[in-house]
Amino acid sequence: MRNFFMRSQGGGVFAALLLVLLWAAALPLQAAEPPPGSSAAEQAQRQVERPLNNAPVWRAVRSGEAHLTTVRGPETAVLIQSEGNTWRQLRNGPITRYGGWLLILVPAAILLFWLVRGAMKLHGTPSGRTVKRFSGFERFVHWGTAISFVLLAVTGLAILFGKHVLLPVLGHGALGGVLTAGKLVHNYVGPLFGVFIVLMILTFVRDNFWQAVDGVWIRRAGGLFDGEHVPSGRFNFGEKTWFWIGVTLLGLIVVVSGLVMDFPNYGWERSDMQTANVVHAVAAIVLLALSFGHIYMGTVGMEGAYRAMRTGFVDETWAKEHHELWYQEAKSGKPGRS
């Protein structure tokens, strides 16, 4: 049929006329006063006078209004959603640009601080005696959260920045394979990360409430710059800030927005998915930037900190210098303390 129309003289006009007539027949019968130039007769005349100029038709298609379709579901009758261009410009513009700079500048500032200040060392000599800081279950929850977070961070960064960073190195074919695998990992690890975030909140919430001693820690910045000892409970104000803003607030935002995108079959519209994507990207970038500080302090930034989460035990000297109030409670056998 297509070849017949192409060979026939005037076939193009006839095909366009047929398309317009079919579109006009699908319009709602109750539309009382169609806009100028949208009736079948007017469109047919328009095709004769100005072939291939279907501006009124495409204006109607791009209006975002629902027309008629045999497919049932949210927005299935909306052929084109122009707001998708706005989402694409946000994702490929400010989110990628400013988010990329944030993820470069924060690690650079931490590296500079480490080169200038160095790690926080113990003032006293290790005693050789240890005190239990984290239970086995607490370490399981922490490492489950950490490992799933790293997997999501790596795959998420590849998805967001891959075409800017990886494409020149890998090429289109290899990058396509990397992103396909990364998307699968991201989609399946995401819900698991959500489970660990909830477990993390429930496990550590009791020790992360504000105490009067936190005010002292704030005024002295935890001794980060002068190296002096600042008493604190099981967690200091910096760790509590990470817990409430990073783990709880941003963690839950990332999880919920990610689940919206993971399960599009729950009646979400395209605008819902686009909003979730923007919220997810912004929250994830900020969470990742904050995590750099937490990772730094938990590894090379503070002597003995990594051992605490790896083995569950810390030296008594470390406990007294960094968490003196908690150490006193732990040694006194106060109920509910590790």
Side-chain angles (χ1 to χ4, degrees), residues 95-126 133-134 142-143 145-147 149-154 156-157 160-161 165 200 204 207-208 210-211 213-251 254 281-311 314-315 317-327:
I95 293 177
T96 301
R97 183 183 310 112
Y98 298 120
W101 277 114
L102 181 66
L103 296 180
I104 292 174
L105 293 177
V106 170
I110 293 174
L111 176 61
L112 179 61
F113 177 84
W114 179 72
L115 292 174
V116 174
R117 176 66 176 77
M120 296 182 65
K121 300 290 186 179
L122 289 176
H123 294 96
T125 303
R133 179 155 173 78
F134 297 112
H142 175 272
W143 286 114
T145 307
I147 293 172
F149 174 76
V150 170
L151 289 174
L152 292 173
V154 171
L157 290 174
L160 185 59
F161 299 104
V165 179
M200 176 78 80
F204 293 104
D207 294 313
N208 278 281
W210 172 271
Q211 294 176 315
V213 70
D214 292 323
V216 179
W217 194 97
I218 295 173
R219 289 194 300 271
R220 297 177 56 183
L224 189 63
F225 297 100
D226 58 17
E228 295 298 323
H229 167 63
V230 182
S232 68
R234 190 184 188 198
F235 299 115
N236 59 44
F237 180 77
E239 293 167 323
K240 291 177 181 179
T241 301
W242 163 248
F243 175 83
W244 289 112
I245 297 180
V247 175
T248 304
L249 178 61
L250 293 175
V254 167
V282 172
I285 289 172
V286 176
L287 176 59
L288 182 56
L290 291 177
S291 74
F292 290 142
H294 176 72
I295 294 171
Y296 167 73
M297 293 303 298
T299 53
V300 299
M302 179 183 292
E303 181 184 5
Y306 176 72
R307 178 188 177 187
M309 190 53 72
R310 181 173 62 86
T311 66
V314 294
D315 190 88
T317 301
W318 186 96
K320 285 186 286 188
E321 289 193 13
H322 294 294
H323 299 274
E324 183 178 1
L325 301 182
W326 164 78
Y327 169 74

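In this chain, residues are counted from 1 in sequence order.
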Open item on the list: I'd like to know if the side chain of Glu303 reaches the main chain of Ala119, judged simply by a donor and an acceptor atom lying under 3.5 Å from each other, with no hydrogens or angles considered.
Closed with: no
- [ ] Would you give the length of the straight line joining atom CZ of Phe113 to atom CG of Leu115, rounded to the nearest 0.5 angstrom?
- [x] 11.0 Å
- [ ] Answer yes or no: is there a donor N or O on one side and an acceptor on the other, between the side chain of Arg234 and the main chain of Arg133, under 3.5 Å?
- [x] yes
Task: OG1-CE distance between Thr248 and Met200, expressed to the nearest 0.5 angstrom - done: 9.5 Å
Task: By ring-ring contact (aromatic ring centres under 6.0 Å, His included) - contacts of His142 (at least two apart) - done: none
Task: Any residue meeting side-chain contact (heavy atoms from CB on, under 4.5 Å) with Ala319, in chain and number order, not counting sequence neighbours - done: Val131, Val314, Trp326, Tyr327
- [ ] Quick one: closest heavy-atom pair of Leu325 and Pro231, and the distance?
- [x] CG-CB, 4.5 Å
Task: Distance (rounded to the nearest 0.5 Å) between Leu152 CG and Leu157 CG - done: 10.5 Å
TODO: Could you pull out the closest heavy-atom pair between Gln211 and Gly233, with the gap in Å?
DONE: OE1-CA, 4.2 Å
Task: salt bridge (Lys or Arg N to Asp or Glu O under 4.0 Å) partners of Lys240, counting only residues at least two apart - done: Asp214
Task: Reported CD1-to-CZ distance for the pair Ile110 and Phe292, which is rounded to 0.5 angstrom - done: 7.5 Å
TODO: Might you point out which heavy atoms bring Ala153 and Leu288 nearest each other, and give the distance in Å?
DONE: CB-CD1, 4.0 Å
- [ ] Please examine the side chains of Phe243 and Phe235, heavy atoms only from C-beta on, and report whether any two atoms are closer than 4.5 Å.
- [x] no
Task: Inter-residue atom distance His323.NE2 - Asp207.CG, 0.5 Å rounding - done: 11.0 Å
Output a table of donor-acceptor pairs, distance under 3.5 Å, between side-chain atoms of residues 95-108 and any protein atom two or more places apart or on a different chain; print 'none' if there are none.
unit_1: Thr96; atom_1: OG1; unit_2: Arg91; atom_2: O; d: 2.5

Open item on the list: Taking atom CH2 as the centre, does Trp114 end up with more than 12 heavy-atom neighbours from other residues, nucleotides or ligands that are less than 6.0 angstrom away?
Closed with: no
TODO: Return the set of residues passing ring-ring contact (aromatic ring centres under 6.0 Å, His included) with Trp244 (not counting sequence neighbours), or none when no residue passes.
DONE: Phe209
Task: By ring-ring contact (aromatic ring centres under 6.0 Å, His included) - contacts of Trp210 (at least two apart) - done: Phe237
Open item on the list: Below 30° counts as parallel, above 60° as perpendicular, anything between as tilted: where do the rings of Trp242 and His294 land?
Closed with: parallel
Task: N/O donor-acceptor pair under 3.5 Å between Ser232 side chain and His322 backbone - done: yes
Task: Positive for side-chain contact (heavy atoms from CB on, under 4.5 Å) with Leu290, one of Ile285, Leu250, Val247 - done: Leu250
